[in-house]
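First the structure, in the form of structure tokens, and then the observations on it.
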Amino acid sequence: MKIVSTIFDGRISACNVLMEISIKDYVEVARNILQKNEFQRKKVKRTATVYSLLRSDLKKGCTIPPIVLALGGDILDSIKISEESSFSENQINKLFTANNLIILDGLQRTYNLIEAVEEFKVEDEADFDKFASKKLRIELYIGINRLGILYRMLTLNTGQTPMSTRHQIEILYSDYYQHTKNGITLFRQIDEKSIKEIGQYQFDDVIEGFNAYIERDETGIDRIDILDNIKNLEKLSEENSAQDIFDDFITIYNQLVVYLDALSDKWVFNGDMSHPYGKNILAIFSKPQTLAAFGAAIGEIKENPYIKGFNSISDFRALIDKIQLGGTAEDTWEKLLKRMDEVRDKAKKIGIEQRAFLKSFFRVLLQSDMDSFLNISKSIELGFNRYKSQRW
């Protein structure tokens with residue numbers, strides 16, 4: 001491994017280290033990078049002929065554009081970077097392990113490098129060592145935080161097969177569900193665990209809520225249009241890159257749920273309704289519709305130039321303990337369930353309409369220029385009337 005240059009990236013406060021590494025050494029690490037992340041995209045099949053030519057060219061010694069990697073996982077928070085930062089080859093060697101690395105750009109090149117190595121071993125064993133010792137250029141981002149990684153993923157992956165924002169978030173935060181943080185535990189579908197207490201969420205549902213915040217869109221449609229990526233870049237560029245906005249999002253949302261449960265004195269619905277949206281705070285607020293509605297609502301509030309004081313997700317934290325029910329817990333939450341029932345009865349696509357109403361509810365609850373500001377009961381009615389005027 002040889003370091004060629006180190007440049008400070010002022011946009012994301014990270015160092016970009018350009019280095020050279022042998023094909024053999026990169027492939028050994030890359031195999032494990034791909035294996036450790038179940039969300040990583042698979043090899044693109046529809047351009048098999050093109051990639052077959054690439055493998056053939058690689059065996060003949062062609063050069064390819066640098067593969068872009070970033071240090072990820074727990075090591076993200078342990079490295080502090082400044083414009084004067086520099087790294088030795090020994091330091092880079094210690095950091096250059098599969099557990100620490102994320103592929104930002106060059107995934108398909110990586111797959112084809114691995115296949116080329118395997119093919120060459122069989123086809124020309126005598127010259128294999130010469131081929132495997134050829135140099136690749138690697139750009140390694142050091143000190144980049146998760147928002148910076150997401151930003152760079154979007155800037156680098158705007159080709160013919162860009163990843164959706166949701167997919168990139170899944171890759172980036174795939175380590176988050178491996179432990180409990182701030183009293184929050186995330187489960188994967190493969191875990192087959194049901195949500196039993198406040199602070200537990202399905203990883204996919206939280207991703208959906210966070211994606212709704214990034215896109216300002218509660219519908220949950222998984223779009224991969226290049227223009228959508230560009231729009232998301234504009235939104236991300238306005239965020240504070242020193243903060244982990246995913247962590248802020250789920251932490252603040254969970255604080256809201258904990259507060260509402262306590263404010264409602266552990267309310268449980270005992271009424272007569274055939275399809276109640278949820279029978280307690282846990283059931284209502286652990287649903288993906290609610291998470292997505294909350295994400296889209298605070299994203300829109302933050303983006304509105306006429307609403308002051310919201311520069312980041314964390315600015316909503318100060319509002320949580322000021323929220324009031326506006327009536328008894330029974331009356332307030334049963335009112336929400338009845339309105340949700342009306343939405344269900346009129347909807348052609350229930351989930352989409354539920355999200356739309358709930359986003360309207362969160363908007364008028366958390367938007368300071370509304371008469372229903374921080375009053376749940378008033379927000380249910382005003383939010384429903386606004387939703388109805390727009391959708392019915």
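Values reported hereafter were calculated over all heavy atoms of this structure, with side chains retained and with hydrogens, waters and symmetry mates removed. Model, not experiment: these values are computed from the prediction.
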Counting C-beta onward and ignoring hydrogens, is there a side-chain heavy-atom pair between Leu319 and Phe310 closer than 4.5 Å?
yes

Please find out if less than 6.0 Å separates the ring center of Phe384 from that of Phe357.
yes

Value for CD (Glu208) from CD (Glu218), rounded to nearest 0.5 Å, stands at 11.0 Å

Could you report the tightest heavy-atom contact between Trp392 and Val343, atom names first, then the distance?
CZ2-CA, 4.4 Å

What verdict does the side chain to side chain contact (heavy atoms under 4.5 Å, CB included) test give for Glu381 and Lys335, after you've listed the backbone C-alpha separation in whole Å, the side-chain angles of each residue and the deciding distance to 0.1 Å?
CA-CA 8 Å; Glu381 291 306 301; Lys335 181 187 294 185; 3.1 Å; yes

Which class fits the ring pair Tyr253 and Phe249: parallel under 30°, tilted 30 to 60°, perpendicular over 60°?
parallel

Over 12 foreign heavy atoms within 6.0 Å of CG, Asp371:
no

Could you tell me the separation between the CD1 atom of Ile301 and the OG atom of Ser368, rounded to the nearest 0.5 Å?
8.5 Å

Look up atom CE in Met340 and atom CD in Gln354, then write down how far apart they are to the nearest 0.5 Å.
4.0 Å

Could you tell me whether a side-chain N or O of Lys266 sits under 3.5 Å from a main-chain N or O of Leu263, the two making a donor and an acceptor?
no

Of Leu256, Ile298, Asp248, which is the lone residue that meets side chain to side chain contact (heavy atoms under 4.5 Å, CB included) with Phe316?
Ile298

Name the residue from Lys359, Glu353, Arg363 that meets the side chain to side chain donor-acceptor pair (under 3.5 Å) definition with Tyr387.
Glu353

Verify same cluster id: Val268, Val257 (apolar side-chain graph, 4.5 Å):
no

Is Lys279 atom NZ crowded by more than 12 heavy atoms from other residues, nucleotides or ligands, each under 6.0 Å away?
no

Treating Ser264 as the side-chain partner and Asp261 as the backbone partner, does any N or O pair qualify as donor plus acceptor under 3.5 Å?
no

Flag, side chain of Ser85 to backbone of Ser82, donor-acceptor distance under 3.5 Å
yes

From CD1 (Ile138) to CD1 (Ile103), nearest 0.5 Å
9.0 Å

Suppose clustering is done on Ile, Leu, Val, Met, Phe, Trp and Tyr with side-chain heavy atoms closer than 4.5 Å. Which residues sit in the same group as Val4?
Leu18

Does the side chain to side chain contact (heavy atoms under 4.5 Å, CB included) test come out yes or no for Phe210 and Ile250, once each step is laid out?
CA-CA 8 Å; Phe210 184 59; Ile250 186 56; over 6 Å; no

Nearest heavy-atom contact between Thr110 and Ala30 is CG2-CB, 3.6 Å

Any donor and acceptor pair, going by atom type alone, linking the side chain of Asn304 with main-chain N or O of Glu300 inside 3.5 Å?
no

Quick one: do Leu282 and Met273 end up in the same hydrophobic cluster if we chain Ile, Leu, Val, Met, Phe, Trp and Tyr together by side-chain heavy atoms under 4.5 Å apart?
yes

Non-hydrogen atoms of Ser286 and Asp205 that approach each other most closely:
O-OD2, 3.8 Å

Hey, any chance Ile350 and Leu358 share a hydrophobic cluster, counting ILVMFWY side chains that come within less than 4.5 Å of each other, even indirectly?
no

Is the Phe362 ring parallel, tilted or perpendicular to the Phe285 ring (thresholds 30°, 60°)?
perpendicular

The reported gap from NZ in Lys135 to CD in Glu20 (rounded to nearest 0.5 angstrom) is 7.0 Å

Can you find a pair of side-chain heavy atoms, one from Thr6 and one from Ile142, that are under 4.5 Å apart?
no

Under 3.5 Å, is there a donor-acceptor pair between the side chain of Ser360 and the main chain of Gly383?
yes

Can you measure from CG (Leu325) to NZ (Lys378) and round to the nearest 0.5 angstrom?
13.5 Å

Is the closest side-chain heavy-atom distance between Arg31 and Val117 below 4.5 Å?
yes

If every non-hydrogen atom of Ile284 is compared with every non-hydrogen atom of Tyr277, which pair is closest and at what distance?
O-CE2, 3.7 Å

Determine, stepwise, if the pair Leu260 / Ile376 fulfils side chain to side chain contact (heavy atoms under 4.5 Å, CB included).
CA-CA 10 Å; Leu260 292 179; Ile376 292 175; 3.5 Å; yes

Within the structure provided, determine whether Leu107 and Leu34 are in side-chain contact (heavy-atom separation under 4.5 Å).
yes

Thr219 versus Arg355: any side-chain heavy-atom pair under 4.5 Å?
no

For Ser194 and Phe187 the tightest heavy-atom approach is O-CE1, 4.2 Å

With the side chain counted from C-beta on, respond yes when Phe246 and Val206 share a heavy-atom pair under 4.5 Å apart, and no when they do not.
yes

Heavy-atom donor-acceptor pair, Asp105 side chain to Val68 backbone, under 3.5 Å:
no

Is there a side chain to side chain contact (heavy atoms under 4.5 Å, CB included) between Asn100 and Phe96? Walk through the geometry before answering.
CA-CA 7 Å; Asn100 291 340; Phe96 204 81; over 6 Å; no

Applying a strict under-4.5 Å side-chain criterion to I, L, V, M, F, W and Y, I'd like to know whether Ile7 and Leu69 cluster together.
no

Minimum heavy-atom separation for Gly326 to Ser377, with atom names?
O-CB, 3.8 Å

Report yes if some heavy atom in the side chain of Phe131 is under 4.5 Å from a heavy atom in the side chain of Ile23; otherwise report no.
yes

Hey, does Lys134 have a side-chain heavy atom less than 4.5 Å from the side chain of Leu58?
no

Taking Arg109 for the side chain and Pro66 for the main chain, is one N or O donor matched with an acceptor at less than 3.5 Å?
yes

Note: with side-chain heavy atoms under 4.5 Å as the link, the other cluster members for Val364 come out as Met370, Leu382

For Ser312, is there any backbone N or O sitting under 3.5 Å from a side-chain donor or acceptor partner on Asp315?
yes

Please check: side-chain N/O of Tyr26 versus main-chain N/O of Ile67, any donor-acceptor pairing under 3.5 Å?
no

Asn254: partners by side-chain contact (heavy atoms from CB on, under 4.5 Å), with sequence neighbours left out:
Ile184, Ile198, Tyr201, Val258

Spell out, as yes or no, whether a donor-acceptor pair under 3.5 Å connects the side chain of Lys287 to the backbone of Ala283.
yes

